[in-house]
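Position 1 is the first residue of the sequence, and the numbers go up from there. When reading the values below, keep in mind they use all heavy atoms of this one structure, side chains included, and skip hydrogens, waters and symmetry mates.
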Amino acid sequence: MVVLSQPIIDGNLTHIKTCKAAAVAAANAVAIPVVDLSQSGAKTLIVEACKELGFFKVINHRISMDFVTQLESEAMKFFKLPPPEKARSGPPNPFGYGSKVIGPNGDVGWVEYLLFSTNPDLASRNPSAAATGISETLWEMANEYVSAVREMACEVLEMIADELEIPTREALSRLIRHHKSDSCFRINHYPARPNLQALTGRSLIGFGEHTDPQIISVLRSNDASGLQISSGGGGGTRWVAVPPDHAAFFFFVGDTLQVMTNGRLRSVKHRVVAESVRARVSMIYFGGAPLTEKITTLEGVMEEGEESLYREFTWAEYKESAYKSRLGDDRLSLFLKSTPSAAAQ
């Protein structure tokens, strides 16, 4: 990624970073794995994709797209409200409405969002659980959506356990089904920027590069472009544009799943750029473990004589560490075990 050394000073664009559009690889440079959940070989394709990219697209998921479109429309009613009205539902502390500011550590982006807790229930009217001022319709629809997407995520996690031959099929899915699961739901709105030509071939960063700290993330967006994943490789970071597909869901491996599989499945860096004249709306379910859950390599994953790459920690410990960091930081590096050579120095 190429970032301007100085922030753009242009009204609402102040402090929003940019990247060269030319730095993004063509969409067909890396094939995005597509998994048909109705096919018998789905679990093998899922694990292969998680090993190679940490990312894949799911089709034939049995979730009603009519309902999803209605939820998106209801969310847009909120985002179209006058700024003072939206501001009454924020700032996110930690849940609620936010605009441009992403977290407490100086990260910003061309984005506004609603962040909800899914524990114990999105329909809760407890103001400490999520933003006040949200319509009851949006609350109820978001709650129904999360229930459906969580079940799909559990199905995928059980396929992963089967393919990795983990003795307990529910070893992963039980964590996000747990009534104390620390999961959350986020709706992002990236407003259209029809005057991007003024940026001289650059694109605004909507949401900066990062990995997701939870177990697994499930994203659905409208048909506006902007999502990019890092394909890594020996030549340094290479950003790949992900073609939008409003009828599909996109899955991201999270840091926690990388630890629990001892690095076999890897979390993927991704970002969103505001490179379209159309507004982008994305809805992301982040499946997290209970706060007290000890995160360590799962039984049956490691081969004989293999050692865990990471020290054991609770999800609460990792979450606290992750949310103290900047978006682009390598959060897992702080939890790597010391190598024998390093320990001897």
**Q.** Derivation of the side chain to side chain contact (heavy atoms under 4.5 Å, CB included) call for I63 and M152
**A.** CA-CA 9 Å; I63 293 178; M152 177 174 59; 3.8 Å; yes

Q: List the steps, then state whether side chain to side chain contact (heavy atoms under 4.5 Å, CB included) holds for R280 with V272.
A: CA-CA 10 Å; R280 176 179 170 86; V272 174; 3.9 Å; yes

Q: Check the pair F56, F252 against ring pair (Phe, Tyr, Trp, His ring centres under 6.0 Å), reporting the backbone distance first and the verdict last.
A: CA-CA 7 Å; F56 57 94; F252 300 81; 9.3 Å; no

Q: In sequence, state the C-alpha distance, the side-chain angles, and the governing distance for F286 and T118, and then conclude on side chain to side chain contact (heavy atoms under 4.5 Å, CB included).
A: CA-CA 9 Å; F286 300 93; T118 66; over 6 Å; no

Q: Test K319 against D182 for side chain to side chain contact (heavy atoms under 4.5 Å, CB included), laying out the working first.
A: CA-CA 10 Å; K319 179 181 179 180; D182 186 45; 2.8 Å; yes

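A donor-acceptor pair is defined here as one N or O able to donate and one able to accept, closer than 3.5 Å; no such pair exists between the side chain of D212 and the backbone of G254. Proximity of a side-chain donor or acceptor of S308 to a complementary backbone N or O of T297 within less than 3.5 Å is not detected. At distances below 3.5 Å, at least one donor-acceptor pair connects side-chain atoms of T261 with backbone N or O atoms of L257. Not one N or O on the side chain of D255 forms a donor-acceptor pair closer than 3.5 Å with the backbone of R331. Looking only at distances, no side-chain donor or acceptor of K17 sits under 3.5 Å from a matching main-chain atom of V108. Not one N or O on the side chain of S73 forms a donor-acceptor pair closer than 3.5 Å with the backbone of T69. Between the side chain of H61 and the backbone N or O of D36 there is no donor-acceptor pair closer than 3.5 Å. Proximity of a side-chain donor or acceptor of W110 to a complementary backbone N or O of P191 within less than 3.5 Å is detected. Without hydrogens or angle criteria, E52 side chain to A49 main chain gives no donor-acceptor distance under 3.5 Å. Distance alone, capped at 3.5 Å, places no donor-acceptor pair between the N188 side chain and the S282 backbone.
Of all non-hydrogen atoms in P244 and A224, the two that sit nearest each other are CB-O, 3.6 Å. The two atoms that bring V35 and L45 nearest to each other are CG2-CB, 4.1 Å, heavy atoms only. Summarising the geometry of K269 relative to W239, their closest heavy-atom pair is O-CZ3, 3.8 Å, with the distance given to 0.1 Å. Contact record, G109 with I102: N-CD1, 3.9 Å, taken as the closest heavy-atom pair. Nearest heavy atoms, Q214 versus G287: CB-O, 3.3 Å. W315 and I295 make their closest contact through N-CG1, 3.8 Å (heavy atoms, listed as atom of the first residue, atom of the second, distance).
Between the CD atom in E303 and the CG atom in N262 there is a gap of 10.5 Å [rounded to 0.5 Å]. Taken from CG in D107 to CG in L327, the straight-line distance is 3.5 Å, to the nearest 0.5 Å. To the nearest 0.5 Å, atom CD of residue Q39 and atom OG1 of residue T44 are 12.5 Å apart. The CG atom of L227 sits 12.0 Å away from atom CG of D245, with the distance rounded to the nearest 0.5 Å. Note: K294 NZ to E312 CD = 5.0 Å, rounded to the nearest 0.5 Å. A distance of 7.0 Å separates CG of L114 from OG of S89, quoted to the nearest 0.5 Å.
A salt bridge does not link E85 to K80: none of the charged nitrogens lies less than 4.0 Å from a carboxylate oxygen. Salt-bridge formation is not detected for the pair E170/R177: no Lys NZ or Arg NE/NH1/NH2 atom is positioned less than 4.0 Å from an Asp or Glu carboxylate oxygen. The residues R220 and E72 are annotated as salt-bridged, a charged nitrogen and a carboxylate oxygen being separated by less than 4.0 angstrom. With respect to K100 and E112, no salt bridge is recorded, no charged nitrogen being found less than 4.0 Å from a carboxylate O. In this structure, K51 does not pair ionically with E48, as no charged nitrogen and carboxylate oxygen lie closer than 4.0 Å.
A heavy-atom distance below 4.5 Å is not found between the side chains of K77 and L138.
More than 12 heavy atoms of other residues, nucleotides or ligands shown are found within 6.0 angstrom of CD on E306.
In this pair, F79 and Y97 present their aromatic rings tilted. The plane angle is within the 30 to 60° band. Using the six-membered ring where Trp is involved, F55 and F250 have ring planes that are parallel, under 30° apart on the 30 and 60° scheme.
For F335 and Y318, the gap between ring centers is short of 6.0 Å. Ring-centre distance between F185 and Y145: below the 6.0 Å cut-off.
Counted by atom type alone, S135 and T137 present zero donor-acceptor pairs between their side chains at under 3.5 Å. For the residue pair Y310 and Q258, a side-chain donor N or O sits within less than 3.5 Å of a side-chain acceptor on the partner.
Cation-pi geometry between R186 and Y113 is met: under 6.0 angstrom from the ring centre, within 45 degrees of the axis.
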